[in-house]
Amino acid sequence: MVNTAQSIIELENDNLVQTYKRPPFVLTHGDGVTLYDESGKAYTDWVAGIAVNALGYNDAGLQAAIQKASIGLIHTSNLYYTAPQAELAAALVEKSFADRVFFSNSGTEANEGAIKFARKVAYDSGAPDKTQIVAFSHAFHGRTMGSLAMTPKDKYQVPFRPLMSDVVIAEYNDIASADAAITERTCAVFIEPVQGEGGIHPATDEFLQFLRGKCDAVGALLVFDEVQCGMGRTGTLWSNEPSGVNPDIMTLAKPLAGGMPIGAILTTEKVAAHIQPGDHGTTFGGGPFITGVAKYVLDRVSEPAFLAHVRETGEYLQERLSEINSPLVVEVRGRGLMVGMELNVDVGPVIEAGYQHGLLMVNAGPNVIRFVPPLTIGKPEVDELVEKLTIILAGMGEKP
Ligand SMILES: Cc1ncc(COP(=O)(O)O)c(C=O)c1O
């Protein structure tokens, strides 16, 4: 069979569960921050597999780390000790607030584990009704039944109810709303320090500081979901750093293994002391191959010069996007290389026009274009983006 783009598209359409609408081209390879389709057309990648491919494509160091990790052990299960899992856990502990780590395979799974950890801590406290979880408007924590219950979007939730019970939704960045929602019955408060899917909204330092105090007052765990905003994305290794607020649990996933599936729950000794053999587990999580690769990615991303590059390029990106003079632009916001451009129209046509111009972009809700590129992207690509977006938005403006 000749694998023309059309035949691959038909093959997918005939055989995959249709959970995604895709543009009509087939990606074949990448290099640096550029992806290529089957016809050879190049696209500058402002998506990075949805905030995943932190080191871009064809990175020689990552390739060597993958090769090295593939020699020897790929999988052993968690029945046995292996060095890479222990070494990655030690590195994460050294570089964060945490004392202990549990590895999963995805972001939603990390959040499910965090829910279980919080419920177990509350269960051990002897308060049978301390089961409530507080999450926030526009949050995205994943697609499994617990994470989905904390993701308050009707389109995602309604057909799948009943979801995990006892979840209360408060207004993001609204202290009065959070104060009313968090009570003695609350066992955990889940928050993205910078919301991704919900439209690129950073939490204020004041809000995170309030949550820390209120959680301590009622004996609830504060959980930071840094699945999208962690691991250097916002220009510091962890996005909570500028606020000075440490959580009890932090969940990670997306970029941790440079494009391969992994998740992690980072937590304190105090919380971990409640989790005993049999309370939680996973077949694949923490395998020697994936953790060997993740250790390489973590070492690269946490280098001060790497993080400085993210901050500098991110500031330049916001500055240049703000210069676009279009009546369609409402706001440019974000931190580091996690930036949103809100328009007063549906961004779908802008993203589609981007394909013609050789740009990959993704939305965050109906009105926000989300820029979450490989963290290695540079100023020349920012200039190219701004030049092309200016043309695209000018074209949109002409339509009735
Ligand atoms: C903040 C946040 N949490 C959790 C998830 C779920 O991660 P995964 O798709 O790996 O299950 C996502 C995915 O977009 C996310 O952005």
Side-chain angles (χ1 to χ4, degrees), residues 17 19-20 46-54 102-118 133-153 155-157 160 163-164 167 169 172-173 188-203 208 211 222-234 238-240 247 249-266 282 284-286 290 293-294 297 334-340 361-365 368-373 375:
V17 177
T19 48
Y20 287 92
W46 288 93
V47 183
I50 319 185
V52 169
N53 303 320
F102 176 91
F103 291 110
S104 65
N105 306 287
S106 66
T108 198
E109 241 186 276
N111 285 330
E112 292 290 328
I115 292 167
K116 286 180 67 181
F117 284 16
I133 289 171
V134 174
F136 293 98
S137 52
H138 309 296
F140 186 90
H141 294 294
R143 306 279 193 162
T144 50
M145 291 312 226
S147 301
L148 186 56
M150 307 189 299
T151 299
K153 190 165 172 178
K155 185 170 169 232
Y156 296 160
Q157 285 190 346
F160 307 107
L163 306 170
M164 179 182 72
V167 176
I169 304 298
Y172 191 76
N173 269 341
V189 175
F190 277 72
I191 184 165
E192 295 157 83
V194 183
Q195 285 189 335
E197 169 99 11
I200 312 292
H201 294 285
L208 295 180
L211 293 180
L222 181 58
V223 183
F224 285 169
D225 177 342
E226 296 222 8
V227 165
Q228 187 161 161
C229 60
M231 277 288 286
R233 172 64 51 196
T234 62
W238 316 120
S239 80
N240 66 307
I249 294 179
M250 180 162 77
T251 55
L252 301 176
K254 287 181 180 285
L256 183 52
M260 276 167 287
I262 188 170
I265 306 171
L266 277 59
T282 168
F284 286 119
I290 204 79
V293 176
V297 177
R335 285 221 323 255
L337 285 169
M338 186 170 181
V339 170
M361 299 179 284
V362 65
N363 68 310
V368 177
I369 309 173
R370 167 172 34 168
F371 301 99
V372 283
L375 301 179

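Every number for a ligand or one of its atoms is a count from 1 in the order of the listing. Keep in mind it's a predicted model, so treat the numbers as computed, not measured.
For D225, the closest heavy-atom approach to ligand 1 falls below 4.0 Å.
Taking a cut-off of under 4.0 Å to the non-hydrogen atoms of N111, the atoms of ligand 1 that pass are 3 (N), 4 (C). Listed by number with element, the atoms of ligand 1 under 4.0 angstrom from any heavy atom of S106 are 10 (O), 11 (O).
Residues L266 and E226 form no side-chain contact, since every pair of their non-hydrogen atoms from C-beta on lies 4.5 Å or further apart. Contact check for I249 versus I265: side-chain heavy atoms found under the 4.5 Å cut-off.
Annotation: F284, atom CZ; neighbour count of heavy atoms from other residues, nucleotides and ligands within 6.0 Å does not exceed 12.
Under 3.5 Å, the side chains of S104 and T282 contain no donor-acceptor pair of N or O atoms. Counting only N and O atoms by type, the side chains of T234 and S239 include no donor and acceptor under 3.5 Å apart.
Taking each of E112, E226, K254, E197 in turn, the one with a heavy atom nearest to atom 13 (C) of ligand 1 proves to be K254.
For atom 16 (O) of ligand 1, the nearest protein heavy atom (residue, atom name, distance) is Q228 NE2, 2.8 Å. With respect to atom 6 (C) of ligand 1, the closest heavy atom belonging to the protein is T108 N, 3.6 Å. When hydrogens are left out, the protein atom nearest atom 2 (C) of ligand 1 is F140 O, 3.3 Å; that is the closest non-hydrogen contact. Ranking protein heavy atoms by distance to atom 10 (O) of ligand 1, first place goes to G107 N, 2.8 Å.
Between F190 and H141, the two ring planes are perpendicular [angle over 60°; tilted spans 30° to 60°].
Counting heavy atoms under 4.0 Å from ligand 1, residue T144 does not touch it at all. Under 4.0 Å from ligand 1, the heavy atoms of E192 that appear belong solely to its side chain.
Going from atom CZ of R143 over to atom CD of E109 covers 15.5 Å, rounded to the nearest 0.5 Å.
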